[in-house]
Amino acid sequence: MDLGLKDKVFIVTGGAKGIGEAISKLIAAEGGITVIAGRSTEDNDKTVAAIIAAGGKAVEITAELGEAAACKKVIDFTVEKYGRIDGLVNNAGVNDGCGLESGSPEKFMASLQKNISHYYNLAHYALPHLKATKGNIVNIGSKVADTGQGNTSGYAASKGGINALTREWAVELTPYGIRVNTVIPAEVWTPLYETWINSLPNPKEKLASIVAKIPFEQRMTTSEEIANMTVFLLSNVSSHTTGQIVYVDGGYTHLDRSIS
Ligand code: NAP
């Protein structure tokens with residue numbers, strides 16, 4: 001199947017590591033140009049180099065996305081360099097453990113800043129350019145919006161908000177032919193996941209107990225499996241899909257675990 005991404009321009013936030021890295025690489029493998037926006041120049045450069053070594057096209061823009069000005073900078077950079085934006089993948093986020101008991105009003109607001117404000121800010125600044133290309137937006141959410149997790153109010157509120165914004169933006173942007181969808185991971189081995197699991201008591205045992213509860217094949221989802229769905233939704237092959245929240249999680253969020 002030709003996804004039709006050749007020479008189209010896609011911004012991937014947090015595109016240097018984990019799920020974002022897999023998305024960045026797949027876009028380039030399909031002939032698209034990936035703009036990796038993330039906070040570490042060194043990490044971004046590594047992924048750009050790997051993409052170029054594989055024959056693809058990518059550039060990096062270093063940005064701490066919690067700041068609105070940095071989000072504007074990402075959009076301005078992309079438009080100055082390529083003159084267009086065909087898609088935005090809002091992916092960067094952090095499960096930062098700001099709980100009701102353990103957190104504070106200041107930590108809660110800081111968590112929203114890290115997890116949801118840049119989804120809005122980037123979409124806002126990208127909008128005129130997405131209108132010009134009839135491009136589209138894919139957000140990366142989390143099952144925590146449905147299930148809760150405990151001790152992560154800021155992250156959970158952000159991910160719930162992202163699901164709401166998916167439907168809200170899909171409605172607002174339909175007149176412009178812009179589609180908006182969200183992909184939901186549950187358990188994917190990435191640097192973020194490793195940090196989170198190691199923050200728990202007995203991480204090895206905890207990991208084994210989580211993996212045993214994943215209904216489909218009792219294994220974690222790979223970043224590449226999240227990327228496959230994301231890039232499909234980004235492409236015009238999914239031209240009549242909008243406002244959808246798609247779970248790529250081996251059935252972890254919805255299926256009856258007692259049957260597996
Ligand atoms: P990851 O391994 O930490 O990779 C995320 C990348 O984004 C890192 O390079 C990170 O930089 C960068 N980043 C994060 N916040 C940023 C910011 N404010 N400004 C600039 N760069 C930023 O994370 P991941 O596991 O791939 O997660 C990607 C997305 O999937 C997130 O939205 C997460 O909530 C969601 N998700 C993941 C899982 C999972 O099982 N892994 C499950 C549910 C949802 P640093 O390395 O410097 O932090």
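Please read these numbers as outputs of a predicted model, since none were measured by experiment. As the structure lists them, so they are numbered: ligands from 1, and atoms in each ligand from 1.
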*Output, in order, the C-alpha distance, side-chain angles, deciding distance and verdict of side chain to side chain contact (heavy atoms under 4.5 Å, CB included) for Phe108 and Ser111.*
CA-CA 5 Å; Phe108 181 71; Ser111 182; 5.5 Å; no
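Polar contact check, Gly18 against ligand 1: no nitrogen or oxygen pair lies under 3.5 Å apart. Taking any N or O of Lys143, backbone or side chain, none lies under 3.5 Å from an N or O belonging to ligand 1. Between Ile19 and ligand 1, a contact under 3.5 Å exists for at least one N or O pair. Residue Tyr193 has no N or O atom closer than 3.5 Å to an N or O atom of ligand 1. Looking at ligand 1, you won't find any N or O of Ala37 less than 3.5 Å from one of its N or O atoms. Here's the thing with Asn91: one of its N/O atoms is less than 3.5 angstrom from an N/O atom of ligand 1. In terms of polar-atom proximity, defined here as any N/O pair under 3.5 Å, Lys159 does make such a contact with ligand 1. By the 3.5 Å distance cut-off applied to N or O atoms, Asp43 is not counted among the residues near ligand 1.
A salt bridge is absent between Asp249 and Lys143; no separation between the charged side-chain nitrogens and carboxylate oxygens falls under 4.0 Å.
At least one heavy atom of Ala63 sits closer than 4.0 Å to an atom of ligand 1. Not close to ligand 1: Ser40, with no non-hydrogen atom less than 4.0 angstrom away. Distances from ligand 1 to the non-hydrogen atoms of Tyr252 include no value under 4.0 Å. Using a 4.0 Å cutoff on heavy atoms, Tyr155 counts as a contact of ligand 1. Contact annotation: Ala16 has no heavy atom less than 4.0 Å from any atom of ligand 1. Under a 4.0 angstrom heavy-atom cut-off, Ile140 registers as being in contact with ligand 1.
The nearest protein atom to atom 46 (O) of ligand 1, hydrogens excluded, is given as Lys17 NZ, 2.7 Å; this is a heavy-atom distance. In terms of protein heavy-atom proximity, atom 1 (P) of ligand 1 is nearest to Leu192 CB, 3.5 Å. Distance from atom 16 (C) of ligand 1 to its nearest protein heavy atom, with residue and atom name: Arg39 NH2, 3.3 Å. Protein heavy atom nearest atom 19 (N) of ligand 1, with residue, atom name and distance: Leu65 N, 3.0 Å. When only non-hydrogen protein atoms are considered, atom 44 (C) of ligand 1 lies nearest to Gly141 O, 3.2 Å. With hydrogens left out, the protein atom closest to atom 12 (C) of ligand 1 is Gly14 CA, 3.8 Å, a heavy atom. Closest protein heavy atom to atom 25 (O) of ligand 1: Thr190 OG1, 2.5 Å. Protein heavy atom nearest atom 40 (O) of ligand 1, with residue, atom name and distance: Val188 N, 2.7 Å.
Side chain to side chain, Thr34 and Ser24 fail the donor-acceptor criterion of an N or O pair below 3.5 Å. No donor-acceptor contact under 3.5 angstrom links the side chains of Thr147 and Gln149, judged on distance only.
Using a 4.5 Å heavy-atom cutoff, the side chains of Ile184 and Tyr252 are not in contact. Within the 4.5 Å cutoff, the side chain of Val48 has no heavy atoms near those of the Val59 side chain. Looking at heavy atoms from C-beta onward, Leu65 lies out of side-chain contact with Asn121 at the 4.5 angstrom threshold. No side-chain heavy atom of Lys17 sits under 4.5 Å from any side-chain heavy atom of Thr47. For the pair Ile140 and Ile23, the minimum side-chain heavy-atom distance is below 4.5 Å.
Minimum heavy-atom separation, Glu224 to Ala22: N-CB, 4.0 Å. Nearest heavy-atom pair across Val9 and Val35 is CG1-CG2, 4.0 Å. Closest approach of Lys114 to His118, counting heavy atoms only: O-NE2, 2.7 Å. For the pair Thr152 and Gly97, the tightest heavy-atom approach, listed with the atom from each and the gap, is OG1-N, 3.7 Å. Summarising the geometry of Met229 relative to Val246, their closest heavy-atom pair is CE-CG1, 3.8 Å, with the distance given to 0.1 Å.
Numbered from 1 in the order shown, with element, the atoms of ligand 1 that lie under 4.0 Å from a heavy atom of Tyr119 read 32 (O). For ligand 1, the atoms sitting less than 4.0 Å from at least one non-hydrogen atom of Glu187 are 40 (O), numbered in the order shown with element in parentheses. Contact atoms of ligand 1 toward Pro191: 2 (O) (distance under 4.0 Å to a heavy atom of the residue).
For atom 22 (C) of ligand 1, the nearest non-hydrogen atom from the set Gly66, Ala92, Gly20 belongs to Ala92.
Considering Thr221, Asp146, Thr182, Thr253 in turn, Asp146 is the only one that fulfils the side-chain hydrogen bond (donor to acceptor under 3.5 Å, both in side chains) rule with Tyr247.
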